[in-house]
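Below: one structure, written as structure tokens.
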Amino acid sequence: MRKRVVILGSTGSIGRGCLDVLAHLSAEWEVVGLAAGSRWADVSEQAQRFSVSSIAVTNGACPEDLKSAFPKSARLFLGPDAMVQLLDEVPCDCVVAAVVGAKGLSATLRAVELGRRVALANKEALVIAGSLLIPLAKRTGATIIPVDSEHSAVFQALHAGKRSEVRTVYLTASGGPFRTWTDDEMDDIRLEDALRHPTWSMGPKITIDSATMMNKALEIVEARWLFGLAPEQIKVVVHPESIIHSLVEFRDGSMIAQLGTPDMRTPIQYALTYPDRRACPSQALDLFSLRCLTLHPPDVERFPALRLGYEVAARGGTSGAVLNGANEAAVELFQQGTIHYREIAKSVERVLSVHECVESPTLQELLAADQWARHEVTRCLVC
Ligand code: NDP
Ligand code: MG
């Protein structure tokens, strides 16, 4: 019997990469559910191509001209709870959580509640609610396998030793498009500059997060939850070539790294097939074509967002929800042209600094903190 997979966020960059991988693995895997936000035309084309009969779309109703494009037997789940309803009603072996942002949290939580294997790209869910998701997975038997390239690399490298033997985890960072920009040049950053990532092709929100290095701050918190690390065990190293995807240093000084071309289809596929490995559609790395690989420490003065990742990883409680909510709100304002690039990290820092952190929060408290942070970012614009 083929394994059954549901893809949440199938129309996005990770979702499309996942379908590419699954087209190669179709003898072993079957797509039984797709979910998207509002790209009806894309999701209907995917449903036809992969003969998927359960589709969730959270925004809007199906346009008349697309109704006939879905397979005849298709069940459509609509509205804000559509993804959770689909998960409840469609049995599967793996859920790919690839919705961007806090919008993916409720469905990720439900996938974990149902004890599924979760191939997790939606890092924001862990940043907000890692304190709930990780213990919940232990209770339900759900397995969370990271899709994020750095965390996939760490997950793979950790197989070389025992958890108690880990000294440091090094998360690599490309440094983003502004790595070599001077302070003066950074004053003139425009949206289109921030959307031009030097090595990875990704959706707009994570591309902007990479430009501020907030993405790495979120990944520090993600690593803290996924691997149960203390913040001081997590280090960031800038590696512009994006070939070494991360490293684990064990207590004997051995460092184990995972290398590959910067193509998300490799970690997506590994999250599906783990513990097995299959041939992958991504291009193999040609070691002899690499002239040199560079590694250097991050510039925390020019990229202040990084500090916030450590602060939140140490503080826990509702601070992750605040970091993420404030960042999502600030990124939206930057995309609308309301604030400058530099205001993104500044706004998040300001909001975090006035937040009264709740220790051991409930889901309701985390969601309230998320809403408060978003509101606070906008309120501060006029104060
Ligand atoms: P994209 O912007 O390309 O895609 C986002 C997906 O989320 C789309 O399918 C979109 O649907 C869906 N979506 C958005 N809002 C909703 C909603 N309210 N309900 C249901 N679906 C919704 O993002 P990426 O693929 O780049 O990123 C996805 C996640 O993976 C993020 O958390 C990101 O941090 C993480 N990630 C991405 C990497 C990458 O290379 N892209 C690398 C590592 C991690 P629609 O378009 O139809 O509205
Ligand atoms: Mg990453």
Side-chain angles (χ1 to χ4, degrees), residues 6-20 33-47 55-60 62-63 66 77-87 96-108 118-128 146-155 171-176 195 197 199-210 213-223 226 236 239 242 244-246 258 261-268 271 282 309 324 327-328 331-332 335:
V6 168
I7 307 171
L8 308 175
S10 65
T11 50
S13 162
I14 292 289
R16 292 193 310 271
C18 185
L19 285 169
D20 246 22
L34 294 171
S38 49
R39 278 185 265 181
W40 280 94
D42 292 0
V43 79
S44 69
E45 182 274 322
Q46 293 176 339
I55 297 111
V57 186
T58 56
N59 301 318
C62 183
L66 286 179
F77 299 85
L78 301 177
D81 298 327
M83 290 189 287
V84 169
Q85 284 167 11
L86 184 148
L87 290 176
V96 178
V99 170
V100 61
K103 300 251 168 64
L105 174 61
S106 57
T108 303
V118 181
L120 185 79
N122 179 216
K123 65 188 89 182
E124 296 91 346
L126 265 186
V127 172
I128 300 168
V147 165
D148 214 350
S149 58
E150 297 79 359
H151 303 71
S152 174
V154 171
F155 180 75
L171 300 177
T172 52
S174 70
L195 286 173
H197 196 279
T199 47
W200 293 97
S201 160
M202 311 179 282
K205 190 261 182 184
I206 184 174
T207 305
I208 295 169
D209 286 348
S210 300
M213 291 196 78
M214 188 63 82
N215 182 48
K216 219 43 61 178
L218 300 176
E219 290 184 355
I220 291 169
V221 185
E222 184 185 10
L226 276 175
V236 172
H239 169 50
S242 301
I244 306 173
H245 297 310
S246 279
Q258 188 256 346
T261 49
D263 185 329
M264 286 306 294
R265 289 176 299 181
T266 311
I268 293 170
S282 55
N324 184 71
N327 181 55
E328 285 191 26
V331 167
E332 265 176 47
Q335 284 175 297

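Keep in mind that this is a model prediction, so the values were computed, not measured. In each ligand, atom 1 is the first atom listed, and ligand 1 is the first ligand listed.
With a heavy-atom cut-off of 4.0 Å, Ile206 touches ligand 1 through its side chain alone. Contacts between Lys205 and ligand 1 below 4.0 angstrom, taking non-hydrogen atoms only, are absent altogether. Counting heavy atoms under 4.0 Å from ligand 1, residue Thr58 touches it through the side chain alone. Looking at Met264 against ligand 1, only its side chain comes within 4.0 Å, counting heavy atoms.
Considering backbone and side-chain N/O of Arg39, one or more are found under 3.5 Å from N/O of ligand 1.
Residue Asn122 has at least one heavy-atom neighbour below 4.0 Å for each of these atoms of ligand 1: 32 (O). Listed by number with element, the atoms of ligand 1 under 4.0 angstrom from any heavy atom of Gly12 are 1 (P), 3 (O), 4 (O), 8 (C), 9 (O), 25 (O). With ligand atoms numbered from 1 in the order given, ligand 1 contributes 19 (N), 20 (C) to contacts under 4.0 Å with heavy atoms of Met83. The contact set between ligand 1 and Thr11, taken as ligand atoms under 4.0 Å from a residue heavy atom, comprises 8 (C), 9 (O), 10 (C), 11 (O), 45 (P), 46 (O), 47 (O). Applying the 4.0 Å criterion to heavy atoms of Lys103 picks out, from ligand 1, the atoms 18 (N).
Considering Leu105, Val100, Ile206 as possible partners of Glu124, the one that fulfils the side chain to side chain contact (heavy atoms under 4.5 Å, CB included) test is Val100.
Under the 4.0 angstrom criterion for non-hydrogen atoms, Ala35 is not in contact with ligand 1.
For the 3.5 Å distance criterion, the side chains of Glu219 and His151 fail to qualify, holding no donor opposite an acceptor. In this structure, a donor-acceptor pair under 3.5 Å is present between the side chains of Thr266 and Ser282. Counting only N and O atoms by type, the side chains of Ser174 and His197 include a donor and acceptor under 3.5 Å apart. Side chains of Asn324 and Glu328: a donor-acceptor N/O pair is present below 3.5 angstrom, by distance only.
In this structure, the side chains of Val221 and Leu126 stay at 4.5 Å or more apart for every pair of heavy atoms.
When all heavy atoms of Gly60 and Trp40 are compared, the pair lying nearest together is O-CZ2, 3.5 Å.
Of the listed residues (Ala125, Gly15, Ala98), the one carrying the non-hydrogen atom nearest atom 6 (C) of ligand 1 is Ala98. Atom 16 (C) of ligand 1 has its nearest heavy-atom neighbour, among Gly17, Ser210, Gly9, Gly37, in Gly37. Nearest to atom 41 (N) of ligand 1 by heavy atom, out of Gly104, Ser13, Ser106, Ala121, is Ser13.
A salt bridge does not link Lys205 with Glu332: none of the charged nitrogens is closer than 4.0 Å to a carboxylate oxygen.
The nearest N/O/S atom of Glu219 to the Mg ion (ligand 2) is OE2.
Around the Mg ion (ligand 2), the two atoms OE1 of Glu150 and OD1 of Asp148 are separated by an angle of 100°, to 10 degrees.
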